[in-house]
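Data first, discussion second: the structure below is written as C-alpha coordinates.
Each chain gets a letter, A, B and so on, in the order its sequence line appears, and its residues count up from 1.
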2 protein chains.
Amino acid sequence: MAVQRETTRDRILEAAENAFGDKGYHETLVDDIAGRTSLSKGGFYFHFPSKEDLFFAVIDRLASRLTRRAEEAAGRCESPLAGADAALSEVLTTLGRRRRLAKVLLVQGYSMGSAFEQKRVEVFGQFAAVIQDGLDRAVEAGEISPIDTEVVSRAWLGAVNEVIVNWIYRGTPAPSDALPVLRKVLVGGLERPTADREASNG
Amino acid sequence: MAVQRETTRDRILEAAENAFGDKGYHETLVDDIAGRTSLSKGGFYFHFPSKEDLFFAVIDRLASRLTRRAEEAAGRCESPLAGADAALSEVLTTLGRRRRLAKVLLVQGYSMGSAFEQKRVEVFGQFAAVIQDGLDRAVEAGEISPIDTEVVSRAWLGAVNEVIVNWIYRGTPAPSDALPVLRKVLVGGLERPTADREASNG
DNA sequence: CGTGACCGACCGACTGGTCGGTCGGTTGAT
DNA sequence: ATCAACCGACCGACCAGTCGGTCGGTCACG
(Lines give C-alpha, C1' and ligand atoms only; values in the text may rest on other atoms or scores of the structure.)
Protein backbone atom coordinates (compact mmCIF):
# COMPACT_ATOMS: atom_id res chain seq x y z
CA MET A 1 0.00 0.00 0.00
CA ALA A 2 1.00 3.58 -0.57
CA VAL A 3 0.15 4.40 3.03
CA GLN A 4 3.05 2.29 4.23
CA ARG A 5 5.42 4.55 2.41
CA GLU A 6 4.04 7.60 4.16
CA THR A 7 4.22 5.85 7.52
CA THR A 8 7.88 5.01 7.13
CA ARG A 9 8.62 8.56 6.02
CA ASP A 10 6.93 9.85 9.16
CA ARG A 11 8.88 7.43 11.31
CA ILE A 12 12.09 8.79 9.81
CA LEU A 13 10.99 12.38 10.36
CA GLU A 14 10.13 11.58 13.96
CA ALA A 15 13.44 9.86 14.62
CA ALA A 16 15.34 12.67 12.92
CA GLU A 17 13.62 15.29 15.09
CA ASN A 18 14.87 13.54 18.19
CA ALA A 19 18.32 12.79 16.84
CA PHE A 20 18.93 16.35 15.65
CA GLY A 21 17.62 17.65 18.95
CA ASP A 22 19.99 15.46 20.89
CA LYS A 23 23.17 15.84 18.92
CA GLY A 24 22.77 18.55 16.33
CA TYR A 25 23.02 18.24 12.60
CA HIS A 26 26.68 17.45 12.11
CA GLU A 27 26.99 15.07 14.98
CA THR A 28 23.96 13.10 13.90
CA LEU A 29 24.97 10.45 11.39
CA VAL A 30 22.66 9.09 8.77
CA ASP A 31 23.41 5.74 10.35
CA ASP A 32 22.02 7.03 13.66
CA ILE A 33 18.73 7.91 12.04
CA ALA A 34 18.65 4.61 10.20
CA GLY A 35 19.32 2.87 13.51
CA ARG A 36 16.53 4.68 15.37
CA THR A 37 14.15 3.77 12.54
CA SER A 38 15.23 0.13 12.38
CA LEU A 39 16.10 0.85 8.80
CA SER A 40 19.34 0.45 6.97
CA LYS A 41 21.17 3.39 5.49
CA GLY A 42 20.05 2.25 2.07
CA GLY A 43 16.47 2.09 3.28
CA PHE A 44 16.73 5.65 4.47
CA TYR A 45 18.04 6.84 1.12
CA PHE A 46 15.04 5.29 -0.53
CA HIS A 47 12.87 7.85 1.26
CA PHE A 48 15.06 10.93 1.29
CA PRO A 49 17.54 12.13 -1.31
CA SER A 50 20.01 13.49 1.24
CA LYS A 51 20.65 14.22 4.87
CA GLU A 52 20.22 17.92 4.21
CA ASP A 53 16.81 17.36 2.65
CA LEU A 54 15.77 15.41 5.69
CA PHE A 55 16.82 18.22 7.99
CA PHE A 56 14.86 20.77 6.01
CA ALA A 57 11.80 18.53 6.01
CA VAL A 58 12.03 18.32 9.81
CA ILE A 59 12.28 22.10 10.10
CA ASP A 60 9.39 22.69 7.75
CA ARG A 61 7.17 20.34 9.68
CA LEU A 62 7.98 21.95 13.02
CA ALA A 63 7.63 25.46 11.70
CA SER A 64 4.29 24.90 10.06
CA ARG A 65 2.91 23.17 13.15
CA LEU A 66 3.97 26.07 15.34
CA THR A 67 2.64 28.70 12.97
CA ARG A 68 -0.70 26.95 12.74
CA ARG A 69 -1.06 26.79 16.52
CA ALA A 70 -0.21 30.47 16.86
CA GLU A 71 -2.67 31.51 14.20
CA GLU A 72 -5.41 29.38 15.69
CA ALA A 73 -4.84 30.96 19.09
CA ALA A 74 -4.96 34.41 17.57
CA GLY A 75 -8.11 33.53 15.64
CA ARG A 76 -9.95 32.72 18.86
CA CYS A 77 -9.51 36.32 20.07
CA GLU A 78 -11.69 39.29 19.37
CA SER A 79 -9.16 42.03 18.79
CA PRO A 80 -5.88 41.95 16.88
CA LEU A 81 -3.83 43.03 19.87
CA ALA A 82 -5.36 40.35 22.07
CA GLY A 83 -4.67 37.91 19.22
CA ALA A 84 -1.01 38.85 19.10
CA ASP A 85 -0.86 38.48 22.84
CA ALA A 86 -2.50 35.05 22.72
CA ALA A 87 -0.21 33.88 19.92
CA LEU A 88 2.80 34.95 21.96
CA SER A 89 1.54 32.89 24.88
CA GLU A 90 0.79 29.90 22.68
CA VAL A 91 4.28 29.88 21.18
CA LEU A 92 6.06 30.24 24.50
CA THR A 93 3.93 27.51 26.00
CA THR A 94 4.27 25.10 23.10
CA LEU A 95 8.01 25.46 22.77
CA GLY A 96 8.37 25.39 26.53
CA ARG A 97 6.82 21.97 26.64
CA ARG A 98 9.17 20.37 24.16
CA ARG A 99 12.70 21.43 24.68
CA ARG A 100 14.31 19.23 22.07
CA LEU A 101 11.98 20.25 19.32
CA ALA A 102 12.56 23.88 20.20
CA LYS A 103 16.26 23.24 19.97
CA VAL A 104 16.00 21.81 16.48
CA LEU A 105 13.85 24.66 15.29
CA LEU A 106 15.68 27.56 16.90
CA VAL A 107 19.26 26.50 17.17
CA GLN A 108 20.50 23.39 15.47
CA GLY A 109 21.67 23.39 11.96
CA TYR A 110 21.69 27.02 11.06
CA SER A 111 24.94 28.61 10.02
CA MET A 112 26.64 25.66 8.44
CA GLY A 113 26.56 26.57 4.81
CA SER A 114 24.46 28.70 2.54
CA ALA A 115 21.60 26.22 2.15
CA PHE A 116 21.11 26.24 5.90
CA GLU A 117 21.30 29.99 6.15
CA GLN A 118 18.68 30.31 3.47
CA LYS A 119 16.42 28.04 5.47
CA ARG A 120 16.96 30.19 8.53
CA VAL A 121 15.91 33.27 6.58
CA GLU A 122 12.86 31.46 5.29
CA VAL A 123 11.63 30.05 8.59
CA PHE A 124 12.30 33.12 10.69
CA GLY A 125 10.82 35.20 7.91
CA GLN A 126 7.60 33.22 8.15
CA PHE A 127 7.43 33.74 11.89
CA ALA A 128 8.18 37.44 11.59
CA ALA A 129 5.52 37.80 8.91
CA VAL A 130 2.88 36.27 11.17
CA ILE A 131 3.80 38.65 13.98
CA GLN A 132 3.97 41.64 11.68
CA ASP A 133 0.57 40.83 10.28
CA GLY A 134 -0.90 40.81 13.76
CA LEU A 135 0.73 44.12 14.62
CA ASP A 136 -0.42 45.69 11.37
CA ARG A 137 -3.97 44.75 12.14
CA ALA A 138 -3.67 46.16 15.63
CA VAL A 139 -2.47 49.43 14.14
CA GLU A 140 -5.27 49.39 11.61
CA ALA A 141 -7.80 48.78 14.35
CA GLY A 142 -6.42 51.75 16.26
CA GLU A 143 -5.32 49.65 19.22
CA ILE A 144 -1.76 50.90 18.98
CA SER A 145 -0.07 53.87 17.38
CA PRO A 146 1.49 53.50 13.93
CA ILE A 147 5.01 52.17 14.13
CA ASP A 148 7.56 50.33 11.99
CA THR A 149 6.03 46.89 12.40
CA GLU A 150 8.82 45.22 10.43
CA VAL A 151 11.38 46.12 13.06
CA VAL A 152 9.03 45.53 15.97
CA SER A 153 8.06 42.09 14.72
CA ARG A 154 11.75 41.18 14.48
CA ALA A 155 12.28 42.45 17.99
CA TRP A 156 9.42 40.31 19.31
CA LEU A 157 10.69 37.30 17.44
CA GLY A 158 14.21 37.84 18.71
CA ALA A 159 13.09 38.35 22.28
CA VAL A 160 11.03 35.15 22.27
CA ASN A 161 13.78 33.24 20.52
CA GLU A 162 16.43 34.29 23.02
CA VAL A 163 14.28 33.50 26.03
CA ILE A 164 13.59 30.02 24.67
CA VAL A 165 17.14 29.34 23.58
CA ASN A 166 18.47 30.45 26.92
CA TRP A 167 16.07 28.10 28.63
CA ILE A 168 17.07 25.29 26.27
CA TYR A 169 20.69 25.65 27.22
CA ARG A 170 20.43 26.56 30.88
CA GLY A 171 17.07 25.16 31.91
CA THR A 172 15.98 28.42 33.48
CA PRO A 173 14.02 30.64 33.59
CA ALA A 174 11.14 28.46 32.43
CA PRO A 175 9.14 29.90 29.55
CA SER A 176 6.03 29.77 31.71
CA ASP A 177 7.72 32.06 34.22
CA ALA A 178 9.11 34.32 31.55
CA LEU A 179 5.81 34.67 29.74
CA PRO A 180 4.12 37.31 31.92
CA VAL A 181 7.25 39.44 31.96
CA LEU A 182 7.64 39.12 28.22
CA ARG A 183 4.02 40.04 27.60
CA LYS A 184 4.30 43.07 29.77
CA VAL A 185 7.51 44.29 28.22
CA LEU A 186 6.69 43.59 24.58
CA VAL A 187 3.05 44.60 24.53
CA GLY A 188 3.84 47.45 26.90
CA GLY A 189 6.42 48.80 24.50
CA LEU A 190 3.66 49.59 22.03
CA GLU A 191 2.24 53.02 22.40
CA ARG A 192 -1.50 53.39 22.88
CA PRO A 193 -2.92 55.96 20.50
CA THR A 194 -4.16 59.22 21.97
CA ALA A 195 -7.91 59.55 22.20
CA ASP A 196 -8.28 61.75 19.11
CA ARG A 197 -7.57 58.76 16.89
CA GLU A 198 -10.13 56.13 16.10
CA ALA A 199 -10.40 52.97 14.06
CA SER A 200 -10.92 53.58 10.38
CA ASN A 201 -12.36 50.37 9.08
CA GLY A 202 -11.45 49.77 5.41
CA MET B 1 61.58 38.80 19.73
CA ALA B 2 58.55 37.72 21.69
CA VAL B 3 56.52 40.51 20.11
CA GLN B 4 56.78 38.84 16.70
CA ARG B 5 54.94 35.86 18.07
CA GLU B 6 52.08 38.04 19.26
CA THR B 7 51.95 39.78 15.89
CA THR B 8 51.63 36.55 13.95
CA ARG B 9 48.95 35.38 16.33
CA ASP B 10 47.01 38.56 15.71
CA ARG B 11 47.40 38.17 11.97
CA ILE B 12 45.89 34.71 12.25
CA LEU B 13 43.04 35.97 14.41
CA GLU B 14 42.36 38.75 11.92
CA ALA B 15 42.38 36.39 8.95
CA ALA B 16 40.19 33.92 10.79
CA GLU B 17 37.61 36.60 11.60
CA ASN B 18 37.23 37.33 7.92
CA ALA B 19 37.29 33.73 6.81
CA PHE B 20 34.71 32.61 9.34
CA GLY B 21 32.57 35.61 8.46
CA ASP B 22 32.70 34.74 4.78
CA LYS B 23 32.19 31.04 4.85
CA GLY B 24 31.26 29.90 8.34
CA TYR B 25 33.16 27.56 10.59
CA HIS B 26 32.80 24.28 8.75
CA GLU B 27 33.34 25.63 5.30
CA THR B 28 36.47 27.47 6.33
CA LEU B 29 39.46 25.16 6.06
CA VAL B 30 42.56 25.47 8.14
CA ASP B 31 44.38 25.74 4.82
CA ASP B 32 42.29 28.82 3.98
CA ILE B 33 43.40 30.54 7.14
CA ALA B 34 46.98 29.52 6.58
CA GLY B 35 46.72 30.85 3.03
CA ARG B 36 45.31 34.22 4.09
CA THR B 37 48.13 34.54 6.62
CA SER B 38 50.87 33.53 4.18
CA LEU B 39 51.59 30.77 6.60
CA SER B 40 51.68 27.05 6.08
CA LYS B 41 49.32 24.75 7.88
CA GLY B 42 52.18 23.67 10.08
CA GLY B 43 52.95 27.29 10.86
CA PHE B 44 49.38 27.81 11.92
CA TYR B 45 49.49 24.83 14.24
CA PHE B 46 52.51 26.29 15.93
CA HIS B 47 50.29 29.13 17.17
CA PHE B 48 47.00 27.38 17.84
CA PRO B 49 46.37 23.87 19.10
CA SER B 50 43.24 23.35 17.00
CA LYS B 51 40.79 24.95 14.65
CA GLU B 52 38.18 24.97 17.38
CA ASP B 53 40.49 26.85 19.73
CA LEU B 54 41.07 29.43 17.05
CA PHE B 55 37.35 29.95 16.58
CA PHE B 56 36.81 30.44 20.28
CA ALA B 57 39.69 32.90 20.44
CA VAL B 58 38.07 34.88 17.64
CA ILE B 59 34.73 34.93 19.44
CA ASP B 60 36.30 35.94 22.74
CA ARG B 61 38.11 38.82 21.13
CA LEU B 62 35.02 40.13 19.37
CA ALA B 63 32.83 39.72 22.43
CA SER B 64 35.19 41.50 24.78
CA ARG B 65 35.68 44.36 22.33
CA LEU B 66 31.95 44.83 21.99
CA THR B 67 31.31 44.61 25.71
CA ARG B 68 34.02 47.16 26.41
CA ARG B 69 32.56 49.63 23.92
CA ALA B 70 29.08 49.23 25.37
CA GLU B 71 30.29 49.74 28.91
CA GLU B 72 32.29 52.78 27.93
CA ALA B 73 29.26 54.30 26.26
CA ALA B 74 27.15 53.63 29.33
CA GLY B 75 29.84 55.07 31.59
CA ARG B 76 29.67 58.39 29.79
CA CYS B 77 26.03 58.82 30.80
CA GLU B 78 24.65 60.28 33.97
CA SER B 79 21.79 57.94 34.78
CA PRO B 80 21.59 54.14 34.52
CA LEU B 81 18.64 54.22 32.16
CA ALA B 82 20.37 56.67 29.84
CA GLY B 83 23.40 54.42 30.05
CA ALA B 84 21.45 51.36 28.99
CA ASP B 85 19.99 53.38 26.17
CA ALA B 86 23.42 54.57 25.06
CA ALA B 87 24.87 51.07 25.23
CA LEU B 88 22.03 49.80 23.07
CA SER B 89 22.82 52.45 20.48
CA GLU B 90 26.54 51.72 20.63
CA VAL B 91 26.05 48.02 20.04
CA LEU B 92 23.63 48.48 17.18
CA THR B 93 25.92 51.01 15.56
CA THR B 94 29.09 49.01 16.01
CA LEU B 95 27.66 45.77 14.71
CA GLY B 96 25.88 47.64 11.94
CA ARG B 97 29.18 48.89 10.64
CA ARG B 98 30.82 45.50 10.33
CA ARG B 99 28.50 42.93 8.95
CA ARG B 100 30.97 40.09 8.72
CA LEU B 101 32.16 40.44 12.25
CA ALA B 102 28.59 40.54 13.45
CA LYS B 103 27.96 37.36 11.54
CA VAL B 104 30.80 35.54 13.23
CA LEU B 105 29.73 36.68 16.64
CA LEU B 106 26.00 36.18 16.35
CA VAL B 107 25.52 33.37 13.91
CA GLN B 108 28.44 31.33 12.71
CA GLY B 109 29.65 28.37 14.52
CA TYR B 110 27.09 27.89 17.20
CA SER B 111 25.13 24.69 17.32
CA MET B 112 27.66 22.32 15.93
CA GLY B 113 28.61 20.29 18.94
CA SER B 114 28.59 20.75 22.66
CA ALA B 115 31.77 22.79 22.85
CA PHE B 116 30.23 25.37 20.56
CA GLU B 117 26.98 25.42 22.45
CA GLN B 118 28.85 26.05 25.66
CA LYS B 119 30.58 28.98 24.04
CA ARG B 120 27.25 30.36 22.95
CA VAL B 121 25.97 30.16 26.50
CA GLU B 122 29.09 31.87 27.77
CA VAL B 123 29.16 34.75 25.29
CA PHE B 124 25.45 35.47 25.30
CA GLY B 125 25.51 35.14 29.06
CA GLN B 126 28.13 37.86 29.26
CA PHE B 127 26.07 40.15 27.09
CA ALA B 128 22.91 39.45 29.05
CA ALA B 129 24.75 40.11 32.30
CA VAL B 130 25.87 43.52 31.13
CA ILE B 131 22.33 44.44 30.14
CA GLN B 132 20.88 43.04 33.32
CA ASP B 133 23.34 45.02 35.38
CA GLY B 134 22.26 48.22 33.68
CA LEU B 135 18.61 47.44 34.24
CA ASP B 136 19.20 46.55 37.87
CA ARG B 137 20.85 49.88 38.45
CA ALA B 138 17.99 51.67 36.75
CA VAL B 139 15.57 49.90 39.08
CA GLU B 140 17.73 50.73 42.07
CA ALA B 141 17.84 54.38 41.02
CA GLY B 142 14.05 54.39 40.80
CA GLU B 143 14.03 55.16 37.10
CA ILE B 144 11.91 52.14 36.32
CA SER B 145 9.62 49.89 38.32
CA PRO B 146 10.99 46.65 39.73
CA ILE B 147 10.75 43.84 37.20
CA ASP B 148 12.37 40.49 36.44
CA THR B 149 15.53 41.90 34.90
CA GLU B 150 16.84 38.46 34.01
CA VAL B 151 14.04 37.89 31.56
CA VAL B 152 13.98 41.45 30.32
CA SER B 153 17.71 41.46 29.65
CA ARG B 154 17.31 38.30 27.59
CA ALA B 155 14.46 39.89 25.69
CA TRP B 156 16.58 42.94 24.89
CA LEU B 157 19.48 40.76 23.85
CA GLY B 158 17.25 38.62 21.67
CA ALA B 159 15.58 41.60 20.04
CA VAL B 160 18.92 43.21 19.17
CA ASN B 161 20.33 39.92 18.00
CA GLU B 162 17.43 39.21 15.68
CA VAL B 163 17.43 42.67 14.17
CA ILE B 164 21.14 42.39 13.43
CA VAL B 165 20.99 38.83 12.15
CA ASN B 166 18.07 39.67 9.89
CA TRP B 167 20.05 42.57 8.51
CA ILE B 168 23.09 40.35 8.03
CA TYR B 169 21.11 37.93 5.93
CA ARG B 170 18.78 40.26 4.10
CA GLY B 171 20.62 43.58 4.13
CA THR B 172 17.60 45.42 5.43
CA PRO B 173 16.38 47.14 7.53
CA ALA B 174 19.69 48.78 8.39
CA PRO B 175 20.53 48.80 12.09
CA SER B 176 20.72 52.58 11.99
CA ASP B 177 17.11 52.70 10.82
CA ALA B 178 16.00 50.07 13.29
CA LEU B 179 17.67 51.76 16.24
CA PRO B 180 15.08 54.46 17.04
CA VAL B 181 12.25 51.94 16.78
CA LEU B 182 14.10 49.48 18.95
CA ARG B 183 14.87 52.10 21.57
CA LYS B 184 11.29 53.19 21.70
CA VAL B 185 9.91 49.70 21.99
CA LEU B 186 12.44 48.26 24.43
CA VAL B 187 12.89 51.25 26.70
CA GLY B 188 9.20 52.04 26.38
CA GLY B 189 8.32 48.57 27.59
CA LEU B 190 9.73 49.44 31.00
CA GLU B 191 7.23 50.89 33.37
CA ARG B 192 7.98 54.22 34.96
CA PRO B 193 7.46 54.06 38.70
CA THR B 194 4.54 55.99 40.14
CA ALA B 195 5.44 59.18 41.96
CA ASP B 196 5.06 57.74 45.46
CA ARG B 197 8.22 55.71 44.99
CA GLU B 198 11.70 57.12 45.33
CA ALA B 199 15.26 55.89 45.13
CA SER B 200 16.42 54.09 48.25
CA ASN B 201 20.17 54.26 48.13
CA GLY B 202 21.70 51.16 49.53
C1' DC C 1 -5.57 -22.29 -9.08
C1' DG C 2 -0.57 -22.12 -10.20
C1' DT C 3 3.20 -19.58 -11.81
C1' DG C 4 6.33 -16.37 -13.13
C1' DA C 5 7.26 -11.55 -14.35
C1' DC C 6 7.54 -7.45 -12.07
C1' DC C 7 8.18 -3.99 -8.49
C1' DG C 8 8.42 -1.29 -4.33
C1' DA C 9 10.82 -1.42 -0.13
C1' DC C 10 14.74 -2.38 2.01
C1' DC C 11 19.62 -4.21 2.98
C1' DG C 12 24.61 -3.33 4.21
C1' DA C 13 29.31 -3.68 2.52
C1' DC C 14 31.89 -0.59 0.19
C1' DT C 15 33.91 3.71 -1.90
C1' DG C 16 35.98 8.03 -2.47
C1' DG C 17 36.73 12.58 -1.34
C1' DT C 18 37.67 15.59 2.34
C1' DC C 19 40.31 17.84 5.89
C1' DG C 20 42.12 18.28 10.72
C1' DG C 21 46.18 17.29 12.46
C1' DT C 22 51.31 15.43 12.41
C1' DC C 23 56.14 15.21 11.86
C1' DG C 24 60.69 15.32 10.07
C1' DG C 25 63.08 18.83 8.20
C1' DT C 26 64.71 23.86 7.13
C1' DT C 27 65.86 28.61 8.24
C1' DG C 28 67.62 32.54 10.42
C1' DA C 29 68.57 35.20 14.37
C1' DT C 30 71.38 35.34 18.60
C1' DA D 1 75.33 25.63 18.45
C1' DT D 2 70.79 26.33 19.70
C1' DC D 3 66.12 27.01 19.28
C1' DA D 4 61.89 29.46 18.07
C1' DA D 5 59.35 29.87 14.04
C1' DC D 6 57.89 27.93 10.09
C1' DC D 7 57.35 24.54 6.05
C1' DG D 8 54.42 21.25 3.41
C1' DA D 9 54.01 16.46 2.16
C1' DC D 10 51.63 13.11 4.19
C1' DC D 11 48.39 10.35 7.15
C1' DG D 12 44.17 8.30 8.37
C1' DA D 13 39.67 8.85 10.49
C1' DC D 14 35.41 9.95 9.13
C1' DC D 15 30.98 9.61 6.78
C1' DA D 16 27.60 10.83 3.02
C1' DG D 17 26.17 8.54 -0.52
C1' DT D 18 26.16 4.22 -3.86
C1' DC D 19 25.03 -0.07 -5.73
C1' DG D 20 24.29 -4.82 -6.52
C1' DG D 21 21.37 -7.64 -4.40
C1' DT D 22 17.26 -9.75 -1.48
C1' DC D 23 12.51 -10.48 -0.44
C1' DG D 24 7.64 -10.41 -0.02
C1' DG D 25 3.60 -9.05 -2.34
C1' DT D 26 0.51 -8.79 -6.43
C1' DC D 27 -1.29 -9.14 -10.80
C1' DA D 28 -1.91 -10.82 -15.58
C1' DC D 29 -2.73 -14.86 -17.83
C1' DG D 30 -3.52 -19.66 -19.11
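A straight line from CG of Asp32(A) to C1' of dC15(D) spans 11 Å, rounded to a whole angstrom. Taking atom NE2 on His47(B) and atom C1' on dG21(C), their separation rounds to 16 Å, with Å as the unit. One can place OH of Tyr45(A) at 10 Å from C1' of dT18(D), the figure rounded to the nearest angstrom. In this structure, the CZ atom of Phe46(A) is 15 Å from the C1' atom of dG21(D), given to the nearest Å. For the pair Leu39(A) CG and dC11(C) C1', the interatomic distance rounds to 9 Å; values are reported in whole Å. Between the CZ atom of Phe44(B) and the P atom of dC23(C) there is a distance of 17 Å, given to the nearest Å.
Ring geometry for Phe20(A) against Tyr25(A) counts as parallel: the plane angle stays under 30°, on a 0 to 90° scale with 60° as the upper cut. Aromatic ring pairs are classed by plane angle as parallel below 30°, tilted from 30° to 60° and perpendicular above 60°; the pair Phe48(A) and Phe44(A) is parallel.
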Table please: side-chain donor-acceptor pairs of residues 175-185 of chain B below 3.5 Å, with sequence neighbours left out.
residue: Arg183(B); atom: NE; partner: Asp85(B); partner atom: OD1; Å: 2.7
residue: Arg183(B); atom: NE; partner: Asp85(B); partner atom: OD2; Å: 3.4
residue: Arg183(B); atom: NH2; partner: Asp85(B); partner atom: OD2; Å: 3.0

Only distances under 3.5 Å count here; give the side-chain donor-acceptor pairs of residues 69-77 of chain B to other protein atoms, sequence neighbours excluded, each with its distance to 0.1 Å.
residue: Arg69(B); atom: NE; partner: Glu90(B); partner atom: OE2; Å: 2.8
residue: Arg69(B); atom: NE; partner: Thr94(B); partner atom: OG1; Å: 3.4
residue: Arg69(B); atom: NH2; partner: Glu90(B); partner atom: OE2; Å: 3.1

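For the segment residues 9-30 of chain B, no residue has any heavy atom less than 4.0 angstrom from an atom of DNA chain D. Contact check of residues 48-61 of chain A against DNA chain D (heavy atom, cut-off under 4.0 Å) returns Ser50(A), Lys51(A).
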Report each atom pair, protein N/O against N/O of nucleotides 12-14 of chain C, whose distance is under 3.5 angstrom.
residue: dG12(C); atom: N7; partner: Gly42(A); partner atom: N; Å: 3.4
residue: dG12(C); atom: O6; partner: Gly42(A); partner atom: N; Å: 3.4

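Side-chain atoms of Tyr110(B) never come within 3.5 Å of backbone atoms of Tyr110(A) as a donor-acceptor pair (strictly under, hydrogens ignored).
Asp22(B) and Lys103(B) are not joined by a salt bridge, as no carboxylate oxygen comes within less than 4.0 angstrom of a charged side-chain nitrogen. We find that Arg61(B) and Glu17(B) are joined by a salt bridge, their nearest charged nitrogen and carboxylate oxygen being less than 4.0 Å apart.
The shortest distance between the side-chain N/O atoms of Arg5(A) and the OP1/OP2 oxygens of dA9(C) is below 4.0 Å. Side-chain nitrogen and oxygen atoms of Thr8(A) include at least one within less than 4.0 Å of the OP1 or OP2 phosphate oxygen of dC10(C).
A centroid separation of 6.0 Å or more is found between the aromatic rings of Phe124(A) and Tyr169(B).
Surrounding CD of Glu122(A) are more than 12 heavy atoms belonging to other residues, nucleotides or ligands, all under 6.0 Å away. No more than 12 heavy-atom neighbours from other residues, nucleotides or ligands sit within 6.0 angstrom of CZ on Arg192(A).
Ser38(B) comes within contact range of the sugar-phosphate backbone alone, with a heavy-atom separation under 4.0 Å but no base atom that close.
Each salt bridge (Lys or Arg N to Asp or Glu O under 4.0 Å) pair with one or both residues in residues 143-154 of chain A, not counting sequence neighbours, appears once here: Glu150(A)-Arg170(B), Arg154(A)-Glu162(B).
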